[in-house]
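Here's the structure, in structure tokens; my notes come after.
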Amino acid sequence: MLVVAGPGAGKTKVITDRVKYVLTNISGNFRVLALTFTNKAANEMKDRLYEIPDLEKRAFVGTIHSFCSSILKNRGEPVGLGDDLHILNTIEDRKKVLIESLNLDPELKNTLKSTLSDQNQEKLLSKWLEAISQFKRDLILPEMVKEETDRRIYEIYDSTMRASNLFDFDDLLLKTYTLFVSNPSIPEFYRRLYKYICIDEAQDLNRAQYEIIRLMCESNHNNVLMVGDPNQSIFGFVGANKKYMDLFEKDFDARKIHLDENFRSAKAITTAARKIIPDVDINENLPVNGVVSLIVGNDEKEEAELVLKKLKEFVNNADSTEDKLTWNSCALIGRNRYVLYPIESELISNGIPYYKQESIKQLSESDLMKEFELGLEILSNPQDLLHLKALLSRWNSSVDPRDLVDSGIQGQEVIKRLKNLSVTKNDVVLEALSKVSTGPNKFSLNESLVFLKNSTAGIRDTEERELLIKDITEWNTLWNYYLRNQNLIERSPAKFLNFTSERSIKKEDNNGLALLTVHSAKGLEFELVVVMGMVEGVFPDYRAHGKDLDEEKRNAFVSITRSKRFLFLSYPKTRLMPWGEIFKVKPSRFLFDIGLLP
């Protein structure tokens with residue numbers, strides 16, 4: 001079945017309701033496979049399915065990349081892969097690998113240098129990386145590339161990645177496809193396991209993704225549902241093409257259903273969003289007017305109290321059944337996570353269920369913890385010259401990372417060699433890394449995090465100390481969450497890092513009121529949203545000027561449009577600074593733009 005659904009027509013609801021129906025009403029020994037394209041969308045699907053008993057045992061709900069990752073970890077041996085899968089998460093990491101690769105080929109290195117300016121070199125590197133990604137997304141191996149320069153760049157990049165036991169996200173697709181084609185018994189195993197397959201955001205499929213799904217569905221596997229909107233296919237730069245919806249209809253002789261009505265944001269909310277970014281195009285075919293209103297407290301504590309009072313009105317004491325909401329359908333959004341600390345205290349004292357969702361990328365803001373993260377990458381994969389070089393670079397060391405790594409070397413031995421180097425380095429980081437337990441079934445960060453916390457007492461810079469303490473607190477939260485979700489015998493630095501790259505931080509049950517930062521809120525939607533801390537210096541951020549201020553407008557737009565019916569924006573008249581002073585603050589300029597203040 002192919003469901004073509006317009007904006008706000010309920011694409012995710014179609015998927016989740018189908019999963020609920022299948023798991024509730026159809027008997028048998030089978031699992032359901034529900035795939036989408038971002039972690040946030042996958043988390044939203046899981047949120048909507050929280051009522052299903054033993055969901056994780058009965059269904060795989062996640063991204064196509066995470067599904068391919070699980071396949072390669074469990075059954076990737078025929079293509080040279082296994083449990084120790086080390087994935088590069090950023091374009092900058094991939095760029096560093098490419099530069100390392102080019103240094104091994106004088107002609108290619110000269111081609112890069114001949115572009116003269118740093119800016120042009122960056123453009124050329126990005127162009128080459130995109131070409132490599134496109135080859136992989138189109139299921140093209142290096143030996144299949146006809147153009148000589150492209151083939152050599154692709155080959156040398158791939159060789160460098162394999163030498164360091166590294167993979168990028170495009171590898172996950174290409175390797176899974178190769179595995180399926182060369183070992184037909186493996187897709188047959190998954191075919192028998194997953195009787196029902198559901199694909200969300202089908203307009204975002206690229207060739208590799210579509211072919212993997214097609215191989216999963218050979219031998220008359222017809223229980224497949226795709227949902228998408230061809231008019232929202234905006235990811236052509238990563239190979240996405242709406243043509244795969246048409247191919248699916250043809251290849252599977254799929255029944256097509258159209259859903260055209262918009263059921264998302266109310267008119268008052270889209271009007272407010274348009275006042276932030278006037279030239280934005282928003283669908284006006286909306287069913288309700290909605291509410292946009294302001295909440296003002298004398299200080300941050302009163303702001304939190306008033307916000308909670310407003311939430312209770314809708315959850316417990318709404319005038320009509322139509323207005324009555326659940327905690328699960330409400331969200332609080334802050335420009336940064338610290339804005340939400342006062343309201344979190346109120347939620348705890350009132351026994352209100354809530355969860356937090358933040359990206360691992362948001363955890364480390366201090367230099368020391370960023371270096372500790374790089375060290376964990378090395379402990380995870382001692383052959384990882386990329387992150388080792390990045391760590392040495394932060395210490396202004398000219399030591400060649402290849403001089404520190406031998407075949408078969410253990411991660412802690414690399415840390416010992418770093419300790420013995422006569423380079424400018426952070427001894428606290430190396431000491432903390434040496435306290436990481438990495439033996440079989442003994443991986444632990446407990447001693448390291450305690451040591452790092454104790455070391456903050458010796459830091460004279462007040463801002464750095466405060467930032468570091470907050471970083472360590474967040475890492476403790478992440479570590480404890482990991483402990484609750486991993487078996488002792490399965491813990492390792494590699495599993496921990498993969499865990500943090502694929503998941504968001506939440507409480508054990510992603511149930512209740514959502515506490516989100518602006519960036520973690522992207523892609524989500526709620527009946528009621530409160531955007532808190534709307535003061536100058538916080539939202540917009542005090543560092544935002546010029547183009548950065550334009551980005552703050554987009555952040556405000558994203559925050560506002562997470563709401564479907566009820567939107568409240570709040571701010572305190574005064575704020576208590578960490579050193580005890582009370583500051584009078586100015587309301588955010590965005591409140592004036594929207595028209596909530598004269």
Side-chain angles (χ1 to χ4, degrees), residues 81-90 92-101 103-104 159-168 360 363-364 366-452 455 471-472 475 479 482 490-501:
L81 300 177
D83 198 36
D84 59 338
L85 204 60
H86 303 283
I87 304 168
L88 293 184
N89 296 314
T90 68
E92 290 305 315
D93 280 350
R94 291 182 63 227
K95 195 172 290 184
K96 290 172 185 175
V97 169
L98 181 56
I99 292 172
E100 287 291 310
S101 305
N103 287 334
L104 303 176
S159 297
T160 304
M161 291 281 282
R162 298 298 86 80
S164 293
N165 195 27
L166 297 170
F167 301 88
D168 57 35
I360 179 61
L363 288 180
S364 297
S366 63
D367 288 339
L368 190 146
M369 287 306 290
K370 287 178 181 177
E371 292 171 11
F372 182 74
E373 285 185 62
L374 288 171
L376 278 183
E377 295 280 1
I378 296 164
L379 290 176
S380 165
N381 178 14
Q383 303 297 320
D384 184 352
L385 299 178
L386 174 69
H387 289 102
L388 180 55
K389 184 173 182 179
L391 187 59
L392 290 167
S393 177
R394 290 183 70 93
W395 294 336
N396 299 316
S397 171
S398 59
V399 173
D400 189 331
R402 287 172 289 192
D403 294 338
L404 300 173
V405 176
D406 304 323
S407 177
I409 193 171
Q410 298 297 308
Q412 282 294 356
E413 181 58 34
V414 179
I415 301 303
K416 287 180 182 177
R417 293 184 181 185
L418 285 169
K419 277 187 170 184
N420 293 330
L421 286 178
S422 298
V423 297
T424 302
K425 59 183 183 294
N426 193 321
D427 294 317
V428 172
V429 171
L430 291 174
E431 188 61 31
L433 289 168
S434 69
K435 293 180 182 297
V436 176
S437 300
T438 56
N441 306 334
K442 294 182 179 178
F443 171 59
S444 175
L445 294 180
N446 289 333
E447 190 176 350
S448 299
L449 293 174
V450 170
F451 173 79
L452 286 167
S455 72
D471 276 351
I472 295 169
W475 269 87
W479 173 243
Y482 173 74
E490 295 179 350
R491 294 174 195 160
S492 70
K495 286 183 179 295
F496 175 70
L497 290 169
N498 282 336
F499 177 86
T500 58
S501 70

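The structure displayed is predicted, hence computed values, not measured ones.
- Of all non-hydrogen atoms in Phe372 and Ser448, the two that sit nearest each other are CZ-CB, 4.1 Å.
- For the side-chain contact (heavy atoms from CB on, under 4.5 Å) criterion with Leu404, the lone passing option out of Ile409, Leu392, Ile378 is Leu392.
- The closest side-chain heavy-atom distance from Lys96 to Asp93 is below 4.5 Å.
- Of the charged side-chain nitrogens involved, at least one lies within less than 4.0 Å of a carboxylate oxygen, so that Lys435 and Glu431 count as a salt-bridged pair.
- Minimum heavy-atom separation, Gln412 to Leu379: N-CD2, 3.7 Å.
- Considering only heavy atoms from C-beta on, Trp479 comes within 4.5 Å of Leu449 through its side chain.
- No option in Leu376, Leu166, Leu388 other than Leu166 meets the side-chain contact (heavy atoms from CB on, under 4.5 Å) test with Asn381.
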- Between Glu413 and Arg417, is a salt bridge (Lys or Arg N to Asp or Glu O under 4.0 Å) present by the stated rule, with each step listed? CA-CA 6 Å; Glu413 181 58 34; Arg417 293 184 181 185; 3.6 Å; yes
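- Heavy-atom minimum distance, Met369 versus Ile472: SD-CG1, 4.2 Å.
- Between Phe496 and Leu445 there is a side-chain heavy-atom pair separated by less than 4.5 Å.
- Within the 4.5 Å cutoff, the side chain of Val97 has heavy atoms near those of the Ser101 side chain.
- Contact record, Trp395 with Glu371: NE1-OE1, 3.1 Å, taken as the closest heavy-atom pair.
- Remark: the Ser444 side chain and the Ser437 side chain contain no N/O donor-acceptor pair separated by less than 3.5 Å.
- Contact check for Val429 versus Leu374: no side-chain heavy atoms found under the 4.5 Å cut-off.
- Nearest heavy-atom pair, Glu373 versus Trp475, reported as atom, atom and distance to 0.1 Å: CG-CZ2, 3.2 Å.
- In plain terms, the two heavy atoms of Leu430 and Lys419 that are nearest each other are O-CE, 3.8 Å.
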